[in-house]
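Since the structure comes first, as structure tokens, the remarks are kept for the end.
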Amino acid sequence: MKVLITGISGKLGRTVALKFVDKGYNIIGVDRRPWPDAPASVSMFKADLRKRPAEDVFRTQRPDVVVHMATVTHLGARPGELYRINLKGTQAVFEYCHKYKVKQCIFVGRHTYYGASADSPIYHTEHDPPGAIAAYPELADLIAADLYAGTSLWRHPEVKTSVLRMCYTLGPKRHGTLANYLQGPRVPSVLGFDPLFQFMHEQDVARAICAAIEAELKGVFNVAGPQPIPLGTLIKQSGRQNWRIPEPLYTSMLGKFGLVKLPEGAVSHIKFPVVVDDALFREMTGFEHEFDEVRTIESFRWAD
């Protein structure tokens, strides 16, 4: 099987690619960044997804499956860059899939699509609408990309499209939204709030994507790992100090005293939980996570 991965040079992209190599897949990588020590069996192409060289990869390589991971979650990125990469890049990928007869395309999204608020349901199902745009505008391009990917289900029904809304990832690579939040010795939480946080190990993310390919999934699916745990417990078990800050002072203290810098819209995600119901994905694929919450946190805490 020939699998093309966009965003392959990112830390999570590399983890997924190495898992695919172990599975015996023929891997093609497209990224603007290099992967100098990529396995010899991975064919690397340096290209911007919106430009002709990227389309040429689809035209000449003719992948059976595309895993689209080339989206930006770094909240310090410029709005124009987020729009260009997240939405326009996603549009290009699905048009190439249609044009060059790709059999299956997997869009790797985020569970933050659902947003966090005081009246959020305990568990979000795939039918819940996006809830993060108004309070957290920095997520708007990712939400738009998720929604656009979903339209491929009816625009290009010949392509088996899967939208995977992954919960936070955590692990030894210390990469991603949750890992960035936990990066310093002191982690800022909001006094009086201790929401449930849902996360899964990086290796389980790769295994879940493999499961989606093997099951030839079509549709929108929430993907999660072990049970969610309170934020305070997560901070403590990761070896960090929990700085509980009164909400009126919270945003003014971010970026100071060694605390991580977060956008104002992120505060709701520190106060309220975003927990997804992943029963449908597990039913359709037989997926079971390998790393529980303790092993996942430990792998993050003691990484070199």
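Residue indices begin at 1 and follow the sequence shown. Computed from a prediction, not measured in an experiment: that's the story for all the values here.
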Could you tell me the separation between the [atom1] atom of [X] and the [atom2] atom of [Y], rounded to the nearest 0.5 Å?
X: M166; Y: D204; atom1: CE; atom2: CG; value: 10.0 Å
X: L259; Y: Q183; atom1: CG; atom2: CD; value: 10.5 Å
X: L217; Y: F287; atom1: CG; atom2: CZ; value: 12.0 Å
X: I8; Y: R33; atom1: CD1; atom2: CZ; value: 10.5 Å
X: Q91; Y: T151; atom1: CD; atom2: OG1; value: 8.5 Å
X: T112; Y: H269; atom1: OG1; atom2: NE2; value: 6.0 Å

Does the side chain of [X] come under 3.5 Å of the side chain of [Y] through a donor N or O and an acceptor N or O?
X: H98; Y: E158; result: yes
X: Q61; Y: Y100; result: no
X: D277; Y: T125; result: no

(request) Start with the C-alpha gap between Q227 and E293, add the side-chain angles, then the distance that decides, and say whether side-chain hydrogen bond (donor to acceptor under 3.5 Å, both in side chains) holds. (result) CA-CA 7 Å; Q227 63 181 345; E293 63 276 17; 2.9 Å; yes
(request) Determine, step by step, whether R207 and H201 satisfy the side-chain hydrogen bond (donor to acceptor under 3.5 Å, both in side chains) criterion, reporting the C-alpha distance in whole Å, the side-chain angles of both residues, the deciding distance to 0.1 Å, and the verdict. (result) CA-CA 10 Å; R207 292 178 58 252; H201 195 280; over 6 Å; no
(request) Under the side chain to side chain donor-acceptor pair (under 3.5 Å) rule, collect the residues that match up with E298, sequence neighbours excluded. (result) W302
So [X] and [Y], would you call those rings parallel, tilted or perpendicular, with 30° and 60° as cut-offs?
X: F58; Y: Y96; answer: tilted
X: F193; Y: F272; answer: perpendicular
X: Y148; Y: F94; answer: perpendicular
X: F221; Y: F281; answer: perpendicular

(request) Step by step, work out the side-chain hydrogen bond (donor to acceptor under 3.5 Å, both in side chains) result for S120 and S117. (result) CA-CA 5 Å; S120 292; S117 65; 3.0 Å; yes
(request) Evaluate whether atom NZ of K23 has more than 12 neighbouring non-hydrogen atoms of other residues, nucleotides or ligands under 6.0 angstrom away. (result)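 No, not enclosed.
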(message) Surrounding NZ of K19 (heavy atoms of other residues, nucleotides or ligands, distance under 6.0 Å), is the total greater than 12?
(response) yes
Check whether any side-chain heavy atom of [X] lies under 4.5 Å from a side-chain heavy atom of [Y], and answer yes or no.
X: V30; Y: K46; answer: no
X: V21; Y: I27; answer: yes
X: T6; Y: L49; answer: yes

Side-chain donor/acceptor pairs under 3.5 Å, residues 34-45, sequence neighbours excluded:
residue: W35; atom: NE1; partner: D37; partner atom: OD1; Å: 3.0

(message) With a 3.5 Å distance limit and no angle check, can you tell me whether K256 reaches the backbone of S252 through a side-chain donor-acceptor pair?
(response) yes
(request) Go through the steps for M1 and I213 under the test side chain to side chain contact (heavy atoms under 4.5 Å, CB included), then give the verdict. (result) CA-CA 10 Å; M1 183 187 299; I213 292 175; 3.6 Å; yes
(request) Using a strict cut-off of less than 4.0 Å between a Lys/Arg side-chain nitrogen and an Asp/Glu carboxylate oxygen, indicate whether D146 and R165 qualify as a salt bridge. (result) yes
(message) Under a 4.0 Å threshold between the charged nitrogen and the carboxylate oxygen, would D292 count as salt-bridged to R295?
(response) no
(message) Under the salt bridge (charged side-chain N to carboxylate O under 4.0 Å, His left out) definition, can you give me all pairs with a residue in residues 223-245, not counting sequence neighbours?
(response) none
(request) For side-chain hydrogen bond (donor to acceptor under 3.5 Å, both in side chains), just list the numbers for Y123 and N222, CA-CA rounded to whole Å, side-chain angles, deciding distance to a tenth of an Å, and then say yes or no. (result) CA-CA 11 Å; Y123 286 95; N222 295 328; over 6 Å; no
